[in-house]
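Only a predicted model underlies this, so the values are computations on that prediction, with no experimental measurement involved.
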Amino acid sequence: QVQLVESGGGLVQSGGSLRLSCAASGSISSISNMGWYRQAPDKQRGLVAVIGSSGATNIADSVKGRFTISRNNANKTVTLQMNTLKPEDTAVYYCYASVRPTVYSATYFSYWGQGIQVTVSS
């Protein structure tokens, strides 16, 4: 089994910054993509930023230039630095990882964290 544990959310004023971190543990041979999705009330979950094992990133247009994603492959962690936060960034943020459990696994499996609240006040 694989666990993703998120930390760093909270309440911040508009224009402020927060850093989200996610640590993966459990039966992990390798991780391809790691990243963050978010879900605001009455909206579908959507991509914020994802980073591959080689460092290639995919970042949502709505956060480009404000959010930065990074990862530490040795520690199996991914970090989202969020700057110039806006009220519309308010959402539950979910950590995501695509994991190959063992070297004998032919498939990568998707795992999600429990979610962490980010609230930006105006």
Are a donor atom and an acceptor atom from the side chains of [X] and [Y] found within less than 3.5 Å of each other?
{"X": "Thr77", "Y": "Asn72", "result": "no"}
{"X": "Ser29", "Y": "Tyr104", "result": "no"}
{"X": "Arg45", "Y": "Tyr37", "result": "no"}

Residue pairs involving residues 55-82 (criterion salt bridge (Lys or Arg N to Asp or Glu O under 4.0 Å); sequence neighbours excluded): Asp61-Lys64, Arg66-Asp89

Show me the pairs that pass salt bridge (Lys or Arg N to Asp or Glu O under 4.0 Å) and involve residues 99-116, at least two apart or across chains. none

Please answer: with hydrophobic residues joined when any side-chain heavy atoms are less than 4.5 Å apart, are [X] and [Y] in the same cluster?
{"X": "Tyr94", "Y": "Val99", "result": "no"}
{"X": "Val92", "Y": "Met82", "result": "no"}
{"X": "Leu80", "Y": "Val12", "result": "yes"}

Using the side-chain contact (heavy atoms from CB on, under 4.5 Å) criterion, which residues pair with Gln3? Sequence neighbours excluded. Gln1, Ser25

For the student: nearest non-hydrogen atoms of [X] and [Y], plus distance:
{"X": "Gly8", "Y": "Leu18", "value": "O-CD2, 3.9 Å"}
{"X": "Cys95", "Y": "Val78", "value": "SG-CG1, 3.9 Å"}
{"X": "Ile31", "Y": "Ala97", "value": "CG2-CB, 4.2 Å"}
{"X": "Asn33", "Y": "Gly52", "value": "OD1-CA, 3.4 Å"}
{"X": "Phe109", "Y": "Tyr111", "value": "O-CD1, 3.5 Å"}
{"X": "Lys86", "Y": "Ser14", "value": "CA-OG, 4.3 Å"}

Determine, step by step, whether Val2 and Ile28 satisfy the side-chain contact (heavy atoms from CB on, under 4.5 Å) criterion, reporting the C-alpha distance in whole Å, the side-chain angles of both residues, the deciding distance to 0.1 Å, and the verdict. CA-CA 7 Å; Val2 174; Ile28 299 172; 4.0 Å; yes

Compare all side-chain heavy atoms of [X] with those of [Y] and state whether any distance is below 4.5 angstrom.
{"X": "Thr90", "Y": "Val118", "result": "no"}
{"X": "Thr79", "Y": "Leu20", "result": "no"}
{"X": "Val50", "Y": "Met34", "result": "no"}

Look only at the side chain of Ser21 and the backbone of Ser7, and say whether a donor-acceptor pair between them is shorter than 3.5 Å. no

Whether the side chain of Gln39 engages the backbone of Tyr93 through a donor-acceptor N/O pair (distance < 3.5 Å, no angle test) should be reported. no

If you apply the rule side-chain contact (heavy atoms from CB on, under 4.5 Å), what do you find for Ser17 with Gln81, and how did you get there? CA-CA 8 Å; Ser17 298; Gln81 177 65 44; 4.0 Å; yes

Between the SG atom in Cys22 and the CD atom in Glu6, the distance rounded to the nearest 0.5 Å is 5.5 Å

Go through Val63 and Arg38 one step at a time and tell me if the side-chain contact (heavy atoms from CB on, under 4.5 Å) criterion holds. CA-CA 12 Å; Val63 305; Arg38 68 186 181 186; 3.9 Å; yes

Could I get the full list of ring pair (Phe, Tyr, Trp, His ring centres under 6.0 Å) partners for Phe67, not counting sequence neighbours? none

Taking side chain to side chain donor-acceptor pair (under 3.5 Å) as the test, write out the residues that go with Ser32, two or more places apart. Ser98

Checking Ser54 now: which residues fulfil side chain to side chain donor-acceptor pair (under 3.5 Å) with it, not counting sequence neighbours? none

Sub-6.0 Å ring centroid separation between Tyr96 and Trp112: yes

Atom CD of Gln117: over 12 foreign heavy atoms under 6.0 Å: yes

